[in-house]
Amino acid sequence: MKYFLIAGEASGDLHAGNLMRQIKACDPDADFMFLGGDLMQAQGGKMLVHYREMAYMGVVEVLANLGKVRRNFKICKQNMLDYQPDAVILVDYPGFNLKMARFAKEHGLRTFYYISPKIWAWKKRRAYSIKKYVDKMFAIFPFEIDFYKQFDYQVEYVGNPLTDAMREAEPSLLGPDAFRSKYQLPQKPIIALVPGSRRSEIQKLLPEMLAVVDQFPEHQFIVTGAPGIEPDFYSKYLLPGISNNVRLIFGDTYNVVRNAQAAAVTSGTATLETAFLRTPQVVCYKMNTITYWAAETFVRIKWFSLVNIIAGREVVRELLQSHLSDDIAAELRRMISDADYRDAMLKSYDEIRAILGDGLASGKTAKVIVDTLRNV
């Protein structure tokens with residue numbers, strides 16, 4: 001059977017790649033066409049657009065790249081019609097994917113949505129579009145079941161795919177000595193800086209994170225490089241004054257975070273990954289002023305990090321928009337020096353992992369999709 005997938009950012013590439021592998025296990029003749037990234041490409045099939053050409057977030061950034069956005073829609077629609085897949089599988093990325101769900105449904109294609117958009121945070125009315133245009137929604141948080149019940153829409157709860165990803169990564173996780181040896185690092189304790197996977201996030205947050213480096217001379221800092229972004233993009237931020245105490249490492253974020261004493265992390269999937277790796281963190285986010293105004297006006301949730309949303313309380317400190325560098329420094333000091341504070345955070349991490357369960361989300365989702373198609 002033929003599967004058309006759309007993932008518009010790094011985390012979607014990760015989870016869609018795992019889902020494709022599980023689909024192949026259920027359907028050995030599976031054929032793929034997709035918009036996504038390198039992890040999806042590793043599973044085979046034809047990639048139409050790389051997510052680095054799609055990962056635009058916020059009102060201003062989308063408007064600034066409107067030509068590329070329109071081009072991506074055109075490529076996606078034409079190839080979807082030409083390919084005539086048995087299933088269209090949408091992975092998060094709601095601004096693009098909800099429009100494609102409508103297009104697919106209107107052209108008689110079966111639609112599945114893996115990883116619900118966070119419409120419970122804002123734009124709740126999108127649930128009506130999902131109900132109308134998505135044949136099956138696979139939810140990854142337990143509370144999403146009750147959320148969709150409000151709209152008389154039944155979803156399939158499959159567990160969290162991050163649990164799958166972390167389980168697969170465990171054999172490659174290194175201890176402190178092996179990690180330092182691999183990168184020839186000194187014995188100084190590590191602070192990880194995780195500035196996001198989109199260029200706009202890195203541009204706004206990395207300077208704020210690097211501004212704290214001089215306040216921690218006894219530590220070394222490691223910046224995690226995002227997949228799909230070239231090293232030269234980071235070089236303008238790693239100025240001579242701080243570069244001696246800062247390393248940039250690509251392709252090994254889990255090991256960097258796991259071996260850090262503390263981390264400053266951009267809001268998103270990385271906050272949950274950091275919790276799974278049991279590293280104390282402060283969560284940061286900074287938007288364009290217009291986007292921030294829109295979010296402040298329309299978002300109706302108490303917290304913006306997945307860690308706090310799942311726990312239902314403040315587990316990690318959230319910093320948004322202004323005075324970030326001073327607040328990041330203060331929170332890093334607290335996590336490093338206050339053992340009781342660290343222990344309470346780590347205990348809460350364990351509770352979050354228990355809430356999300358053992359996962360197997362990609363395998364469960366693949367089985368439902370393939371079985372549904374075979375029983376049509």
- Minimum side-chain heavy-atom gap M209-Y237 below 4.5 Å: no
- Message: Just so I know, are the side chains of L173 and L277 near enough to count as touching, which here means a heavy-atom distance under 4.5 Å?
- Response: yes
- Task: Calculate, to the nearest 0.5 Å, the distance between atoms CD and CG belonging to Q203 and L206 respectively.
- Result: 10.5 Å
- Please step through side chain to side chain contact (heavy atoms under 4.5 Å, CB included) for the pair C76 and I6, ending with a clear verdict. CA-CA 9 Å; C76 189; I6 307 173; 3.5 Å; yes
Can you give me every donor-acceptor pair (side chain of residues 308-317, partner residue at least two apart or in another chain, under 3.5 Å) with its distance?
unit_1	atom_1	unit_2	atom_2	d
N308	OD1	V315	N	2.7
N308	OD1	V316	N	3.0
N308	ND2	S305	OG	3.4
N308	ND2	V316	O	2.9
N308	ND2	E318	OE2	3.0
R313	NH2	S348	OG	2.9
R313	NH2	E351	OE1	2.8

- Sequence neighbours excluded, every pair satisfying salt bridge (charged side-chain N to carboxylate O under 4.0 Å, His left out) that has a member inside residues 88-112: D92-K118, R102-E106, K105-D135
- Item | Side-chain (T111) to main-chain (A101) donor-acceptor, under 3.5 angstrom | no
- Message: Ignoring hydrogens, what is the shortest heavy-atom contact between I145 and Y157? Give both atom names and the distance.
- Response: CD1-CB, 3.5 Å
- For the pair D13 (side chain) and M40 (backbone), establish whether a donor and an acceptor sit closer than 3.5 Å, ignoring hydrogens and angles. yes
- Query: Do L162 and I352 sit in the same hydrophobic cluster, where Ile, Leu, Val, Met, Phe, Trp and Tyr count as joined when their side-chain heavy atoms come under 4.5 Å apart?
  - Reply: yes
- Taking atom types as modelled, is there a side-chain donor on E273 or Y254 under 3.5 Å from an acceptor on the other? yes
- Take atom CG of D152 as the centre, draw a 6.0 Å sphere, and report whether it contains more than 12 heavy atoms from other residues, nucleotides or ligands. no
- Message: Whether K46 and D31 form a salt bridge (side-chain N of Lys/Arg under 4.0 Å from carboxylate O of Asp/Glu) is what I want to check.
- Response: no
- Rounded to the nearest 0.5 Å, what's the gap from CG on D371 to SG on C26? Could you check? 7.0 Å
- Message: Which heavy atom of Q22 sits nearest to which heavy atom of S362, and what is that distance?
- Response: CG-OG, 3.5 Å
- Please lay out, stage by stage, how H219 and N245 fare under the test side-chain hydrogen bond (donor to acceptor under 3.5 Å, both in side chains). CA-CA 8 Å; H219 287 74; N245 203 30; over 6 Å; no
- Query: With a 4.5 Å limit on heavy-atom distance, are the side chains of T279 and V265 in contact?
  - Reply: no
- Message: Parallel, tilted or perpendicular: which one describes the rings of F73 and F96, with boundaries at 30° and 60°?
- Response: parallel
- Task: I would like to know whether I369 and Y114 meet side chain to side chain contact (heavy atoms under 4.5 Å, CB included); could you show each step before the answer?
- Result: CA-CA 10 Å; I369 291 173; Y114 181 48; over 6 Å; no
- Query: Has the side chain of S197 got a donor or acceptor atom that lies under 3.5 Å from a matching backbone atom of E9?
  - Reply: no
- Message: Could you report the tightest heavy-atom contact between A366 and L19, atom names first, then the distance?
- Response: N-CD1, 3.7 Å
- Query: Y234 and V256: same hydrophobic cluster, using ILVMFWY side-chain contacts below 4.5 Å?
  - Reply: no
- Query: Can you check whether N79 reaches L35 side chain to side chain, under 4.5 Å on heavy atoms?
  - Reply: no
- For H15 and D164, test the side chains for any donor-to-acceptor distance below 3.5 angstrom and give the result as yes or no. no
- Shortest non-hydrogen pair, P117 vs M137, comes out as CD-CE, 4.0 Å
- Shared hydrophobic cluster for M20 and V49 (ILVMFWY, side-chain gaps under 4.5 Å): yes
- Task: Give the minimum heavy-atom separation between L39 and L14, together with the two atoms involved.
- Result: CD1-CA, 3.6 Å
- Query: Do the side chain of Q150 and the main chain of F147 share a donor and acceptor less than 3.5 angstrom apart?
  - Reply: yes
- Query: Would you say K131's side chain and F151's backbone share a donor-acceptor pair under 3.5 angstrom?
  - Reply: yes
- Query: Taking the side chain from R247 and the backbone from Y183, do they hold a donor-acceptor pair closer than 3.5 Å?
  - Reply: yes
- Main-chain N/O of T274 paired to Y349 side chain as donor or acceptor, under 3.5 Å: no
- Query: In Å, rounded to the nearest 0.5 Å, how long is the span from CG of L48 to CD of Q78?
  - Reply: 11.0 Å
- Message: Using the rule salt bridge (charged side-chain N to carboxylate O under 4.0 Å, His left out), only one of K236, R52, R199 pairs with E230; which is it?
- Response: R199
- Task: Find out whether I119 and Y148 are in side-chain contact, i.e. whether some heavy atom of one side chain is under 4.5 Å from a heavy atom of the other.
- Result: yes
- Verdict with supporting geometry, Y285 and K204, side chain to side chain contact (heavy atoms under 4.5 Å, CB included): CA-CA 9 Å; Y285 208 73; K204 292 180 177 68; over 6 Å; no
- Measure from the ring center of Y3 to the ring center of F34 and say whether it is less than 6.0 Å. no
- Message: Does any part of the side chain of V257, heavy atoms only, come nearer than 4.5 Å to the side chain of F276, both counted from C-beta?
- Response: no
- Message: Let me confirm one number: the CD-OG1 distance from E156 to T372, rounded to the nearest 0.5 Å.
- Response: 8.0 Å
- Give a yes or no answer on whether the side chain of R258 reaches the backbone of L174 with a donor-acceptor pair at less than 3.5 Å. yes
- Determine yes or no for a side-chain-to-main-chain donor-acceptor pair under 3.5 angstrom, with E201 supplying the side chain and R198 the backbone. yes
- Query: If you group Ile, Leu, Val, Met, Phe, Trp and Tyr by side-chain heavy-atom gaps below 4.5 Å, do I190 and L238 land in one group?
  - Reply: no
- Got a second to check how far M335's CE is from E331's CD, nearest 0.5 Å? 5.0 Å
- Check against side chain to side chain contact (heavy atoms under 4.5 Å, CB included), V283 and F304: CA-CA 9 Å; V283 178; F304 63 84; 3.9 Å; yes
- Is the shortest heavy-atom distance from the side chain of C284 to the side chain of E208 under 4.5 Å? no
- Query: Going by the salt bridge (charged side-chain N to carboxylate O under 4.0 Å, His left out) test, which pairs reach into residues 168-190, not counting sequence neighbours?
  - Reply: R21-E168, E170-R353, K182-D252
- Is the closest side-chain heavy-atom distance between Y51 and P227 below 4.5 Å? yes
- L332 CG to F216 CZ distance, which is reported to the nearest 0.5 Å: 4.5 Å
- Query: Does one hydrophobic cluster hold both L272 and L346, with members joined at side-chain heavy-atom distances below 4.5 Å?
  - Reply: yes
- Query: When I222 is tested against each of V246, L248, L185, I191 for side chain to side chain contact (heavy atoms under 4.5 Å, CB included), which residue passes?
  - Reply: L185
- Looking only at heavy atoms, the pair that brings R126 and P94 closest together is NH1-CB, 3.5 Å
- Message: Other residues, nucleotides and ligands only: do more than 12 of their heavy atoms fall within 6.0 Å of CD on Q154?
- Response: no
- Task: Please confirm whether the backbone N or O of F179 pairs with a side-chain atom of N255, one donor and one acceptor, at under 3.5 Å?
- Result: no
